[in-house]
Asks: 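Just dropping this structure here.
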Amino acid sequence: MSIFESPSLEKFINIPANAREILRKPEKRITINIGVWFDSKKLTVCEGYIVYHNTVRGPAKGGIRIAADVTLEETMDLAERMTLKTALTGIPFGGGKSGICLDNKNLTPYEKKEIIKEYVHLIRNELTSGNYIPAPDIGTGPREMAIIYGELHIPECVTGKPISIGGLPGRKEATGYGVAMSAIHAYNKYFKKDIKDVKVAVQGFGNVGSWAAGFLFERGAKIVAVSDFYSGIYNKEGLDIKKLNEYLKEKGKVEGFPVADKISNEELLCLSDIEILIPAAVERVINEKTAPKIKAKLIVEGANGPTTPDGDKILDEKGIIVVPDILANSGGVIGSYIEWKSSKSGSITPVSEVYKSISDLIIHSFERVSDLAQKEKLTNRNASLVLATQEVINAMNERGWI
Ligand code: NAD
């Protein structure tokens with residue numbers, strides 16, 4: 001169900017009926033059928049979706065996900081979150097997303113290249129017009145963005161490119177950096193303590209999770225547990241994240257990392273000795289089953305949609321503070337906006353400026369959210385939704401949409 005149809009949002013914000021009619025459904029949904037020959041013997045066919053949720057504030061922006069469980073509904077939900085995320089941080093983009101339904105774990109780089117080339121072939125006009133600007137998400141990274149660039153030769157048509165072809169220094173770690181900054185800022189604010197020696201668990205050690213863990217580790221936090229699709233690892237004294245990154249490069253999974261015990265993904269969520277939990281893998285992991293067992297004091301959502309509405313209610317009742325996804329993981333889209341501007345103008349942006357912009361924008365949004373939450377006695381999630389929705393409604397008014 002669309003967030004804009006949720007009865008709980010109505011309690012906090014007056015959404016004009018015309019705006020709700022527009023926002024409760026995506027503006028555009030494209031379904032593609034991708035057929036590729038990975039070798040001369042077998043044709044692989046998979047479905048893909050490109051969704052524009054809303055473009056009142058700018059072109060549709062959102063990553064490309066390749067995963068076995070991708071659906072049109074999930075892609076619609078993720079596009080809607082992009083509308084809210086860009087609005088909350090004041091980035092002049094709208095909300096979009098792509099999903100390709102194929103198991104990314106078994107794909108070789110060559111196979112991904114073939115899929116992406118066919119994807120570009122099928123939606124070339126959406127991309128060359130600048131109406132939809134993709135970026136990495138689960139199952140895609142800088143290499144896939146480089147392939148899109150290679151097909152189009154228009155630098156601003158895609159973000160998250162490798163630096164060697166006009167990508168932005170700092171973009172690949174931008175989301176994780178923003179998640180780490182959110183965690184540090186929120187922990188200081190709510191618990192009046194520095195992050196040093198604070199115990200953290202990170203679910204999902206991919207792009208977002210590994211960088212978030214790395215930045216927190218650098219600043220002295222103890223990353224006691226991390227996980228990936230297969231399993232988790234735990235060491236109460238903290239894991240060496242630099243060594244873990246090297247191990248992962250070689251082995252392809254975190255399991256087996258020396259001086260750590262194996263734990264399950266659910267055990268990681270419910271660890272009793274952590275203060276901060278960072279879900280940075282997939283949706284709906286904090287739900288009515290897991291939320292009652294969570295002991296962390298602060299949850300910083302690296303993933304999109306890791307908490308269900310039932311899970312959220314339980315966290316609120318338990319007094320667990322949440323920094324919601326549309327705020328905590330907005331570093332990626334902030335980095336993408338800087339890359340897009342640099343690509344359009346041909347300018348070069350130093351990495352220090354990228355980090356500063358991400359940190360400043362996230363902290364500014366965080367302060368607005370927590371002020372409203374305190375004033376109106378809302379959760380941070382609801383305060384974020386109110387501010388972002390109001391921004392979208394204002395733009396609709398300005399453009400005469402409603
Ligand atoms: P990724 O593919 O690089 O990493 C995902 C990680 O989660 C991997 O370690 C994978 O093994 C693990 N994982 C997959 N399924 C799992 C499961 N069922 N249980 C536990 N772990 C599982 O993806 P990513 O880019 O790091 O994205 C992670 C989340 O962050 C997604 O929700 C994505 O939408 C969100 N996000 C990503 C970006 C970005 O810039 N990449 C930006 C904003 C939000």
Side-chain angles (χ1 to χ4, degrees), residues 61-70 74-75 77-82 84-86 88-89 91 95-100 103-107 112 134-145 159-161 167-168 170-179 182 201-214 225-233 244-245 248-249 251-255 263-269 277-287 290 300-307 324-337 339 358 362:
K61 184 81 187 94
I64 305 173
R65 177 172 293 193
I66 303 181
D69 54 0
V70 158
E74 179 193 73
T75 313
D77 175 71
L78 292 166
E80 186 172 279
R81 282 175 204 273
M82 288 304 293
L84 291 162
K85 197 181 297 183
T86 51
L88 182 66
T89 39
I91 296 291
K97 199 81 187 182
S98 289
I100 297 172
D103 190 352
N104 65 55
K105 290 191 294 302
N106 304 321
L107 292 173
K112 275 194 194 173
D137 193 74
I138 292 178
T140 60
R143 191 175 185 275
E144 286 66 44
M145 303 307 117
T159 62
K161 301 182 289 291
L168 184 77
R171 171 59 186 92
K172 73 173 181 309
E173 66 268 36
T175 309
Y177 179 76
V179 171
S182 300
V202 182
Q203 186 188 50
F205 202 69
N207 176 285
V208 178
S210 66
W211 283 106
V226 304
S227 68
D228 57 21
F229 174 80
Y230 306 99
S231 69
I233 52 170
L244 179 58
N245 274 318
L248 188 66
K249 248 187 226 152
K251 306 279 181 190
K253 48 170 94 168
V254 297
E255 193 183 326
I263 57 170
S264 70
N265 262 295
E266 189 168 328
E267 281 168 331
L268 177 143
L269 293 176
L277 172 65
I278 303 183
V282 287
E283 290 83 17
R284 296 181 291 279
V285 290
I286 302 177
N287 47 41
T290 54
V300 182
E301 294 183 338
N304 283 313
T307 310
D325 52 1
I326 62 167
L327 175 57
N329 72 29
S330 60
V333 78
I334 297 169
S336 278
Y337 178 60
E339 180 177 338
I358 292 171
I362 287 188

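Just so you know, ligand 1 is whichever comes first in the structure, and atom 1 is the first atom listed for that ligand. Owing to the predicted nature of the structure, the values given are computational and were not obtained by experimental measurement.
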Asks: If you count the atoms of ligand 1 from 1 in the order shown, which ones are under 4.0 Å from a heavy atom of Gly139?
Replies: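 Once the distances to Gly139 are compared, the set is 2 (O).
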Asks: Drop me the distance from Asp325's CG to Ser182's OG, to the nearest 0.5 angstrom.
Replies: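 Reported to 0.5 Å precision, the distance equals 11.0 Å.
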Asks: What is the nearest protein non-hydrogen atom to atom 31 (C) of ligand 1, stated with its residue, atom name and distance?
Replies: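 Checked against all protein heavy atoms, atom 31 (C) of ligand 1 sits closest to Ala281 O, 3.3 Å.
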Asks: For Thr89, which residues count as a side-chain hydrogen bond (donor to acceptor under 3.5 Å, both in side chains) partner, sequence neighbours excluded?
Replies: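 Listed in chain order: nothing, the list is empty.
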Asks: Can you list the atoms of ligand 1 that are under 4.0 Å from a heavy atom of Gly302?
Replies: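 Under 4.0 Å from Gly302, ligand 1 has these atoms: 30 (O), 35 (C), 44 (C).
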Asks: I want to know if ligand 1 touches Ala280 in the polar sense, i.e. an N/O pair below 3.5 angstrom.
Replies: no
Asks: Out of Asn104, Val208, Val282, indicate the one that has the non-hydrogen atom closest to atom 38 (C) of ligand 1.
Replies: Val208
Asks: Just distances here: any N/O of Leu78 and N/O of ligand 1 closer than 3.5 Å?
Replies: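 It does not: no N or O of Leu78 is found under 3.5 Å from an N or O of ligand 1.
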Asks: Out of Ile66, Asn265, Leu248, Asn207, who gets a non-hydrogen atom closest to atom 1 (P) of ligand 1?
Replies: Asn207
Asks: Would the distance check show the side chain of Glu144 and the main-chain N or O of Pro136 forming a donor-acceptor pair, the cut-off being under 3.5 Å?
Replies: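 Judged by distance alone, no pair lies under 3.5 Å.
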Asks: Strictly below 4.0 Å, N to O, side chains only: are Arg81 and Glu301 in salt-bridge contact?
Replies: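 Looking at Arg81 and Glu301, the cut-off is not met.
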Asks: Would you mind listing which atoms of ligand 1 come within a distance below 4.0 Å of any non-hydrogen atom of Asn329?
Replies: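 Contacts of ligand 1 toward Asn329, numbered from 1: 43 (C), 44 (C).
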Asks: Tell me if a side-chain donor or acceptor on Asn265 pairs with a main-chain N or O of Asp228 at a distance below 3.5 Å.
Replies: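 Yes; at least one donor-acceptor contact below 3.5 Å.
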Asks: Going by distance only, is there an N or O of Arg65 that falls short of 3.5 Å from an N or O of ligand 1?
Replies: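 N/O-N/O distance under 3.5 Å: yes.
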Asks: Quick check: does Lys97 get an N/O under 3.5 Å from an N/O on ligand 1?
Replies: no
Asks: Please identify which atoms of ligand 1 are closer than 4.0 Å to at least one heavy atom of Arg171.
Replies: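 In order of number, 40 (O).
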Asks: Considering only protein heavy atoms, which is closest to atom 27 (O) of ligand 1, and at what distance to one decimal place?
Replies: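 In this structure, atom 27 (O) of ligand 1 has Ile138 CG1, 3.6 Å as its nearest protein heavy atom.
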Asks: Please round to the nearest 0.5 Å and tell me the distance separating atom CG of Asn329 and atom CG of Leu327.
Replies: 9.0 Å
Asks: With only distance considered, is Asp137 within less than 3.5 Å of ligand 1 through an N or O on each side?
Replies: yes
Asks: Could you pull out the closest heavy-atom pair between Thr140 and Ile64, with the gap in Å?
Replies: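 Shortest heavy-atom contact: OG1-O, 2.7 Å.
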Asks: When rounded to the nearest 0.5 angstrom, what distance separates CG in Asn104 from CZ in Phe229?
Replies: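 One finds 9.0 Å between CG of Asn104 and CZ of Phe229.
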Asks: Quick check for you: to the nearest 0.5 Å, what is the distance between Met82 atom CE and Asp137 atom CG?
Replies: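 Going from CE on Met82 over to CG on Asp137, the span is 9.0 Å.
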Asks: Shortest non-hydrogen contact from Val208 to Ala280?
Replies: CG1-CB, 4.2 Å
Asks: Are any side-chain N or O atoms of Gln203 and backbone N or O atoms of Leu269, one a donor and one an acceptor, separated by less than 3.5 Å?
Replies: no
Asks: Tell me which one of Trp211, Tyr230, Phe229, Phe205 gets a heavy atom nearest to atom 10 (C) of ligand 1.
Replies: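 Result: the heavy atom closest to atom 10 (C) of ligand 1 is in Phe229.
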Asks: Just which atoms of ligand 1 are under 4.0 Å from any heavy atom in Thr175?
Replies: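 Under 4.0 Å from Thr175, ligand 1 has these atoms: 38 (C), 39 (C), 40 (O), 42 (C), 43 (C).
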Asks: So for ligand 1, is Gly209 a polar contact partner (N or O within less than 3.5 Å, distance only)?
Replies: no
Asks: Is the backbone N or O of Arg65 less than 3.5 Å from a side-chain atom of Lys97, with the two atoms forming a donor-acceptor pair by type?
Replies: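 Judged by distance alone, no pair lies under 3.5 Å.
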Asks: Any heavy atom of Gly63 sitting closer than 4.0 Å to ligand 1?
Replies: no
Asks: So for ligand 1, is Asn304 a polar contact partner (N or O within less than 3.5 Å, distance only)?
Replies: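 Yes; at least one N/O pair falls below 3.5 Å.
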Asks: Using a strict 4.0 Å cut-off to heavy atoms of Gly206, name the atoms of ligand 1 that fall inside it.
Replies: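 Under 4.0 Å from Gly206, ligand 1 has these atoms: 3 (O), 4 (O), 6 (C), 8 (C), 9 (O), 26 (O).
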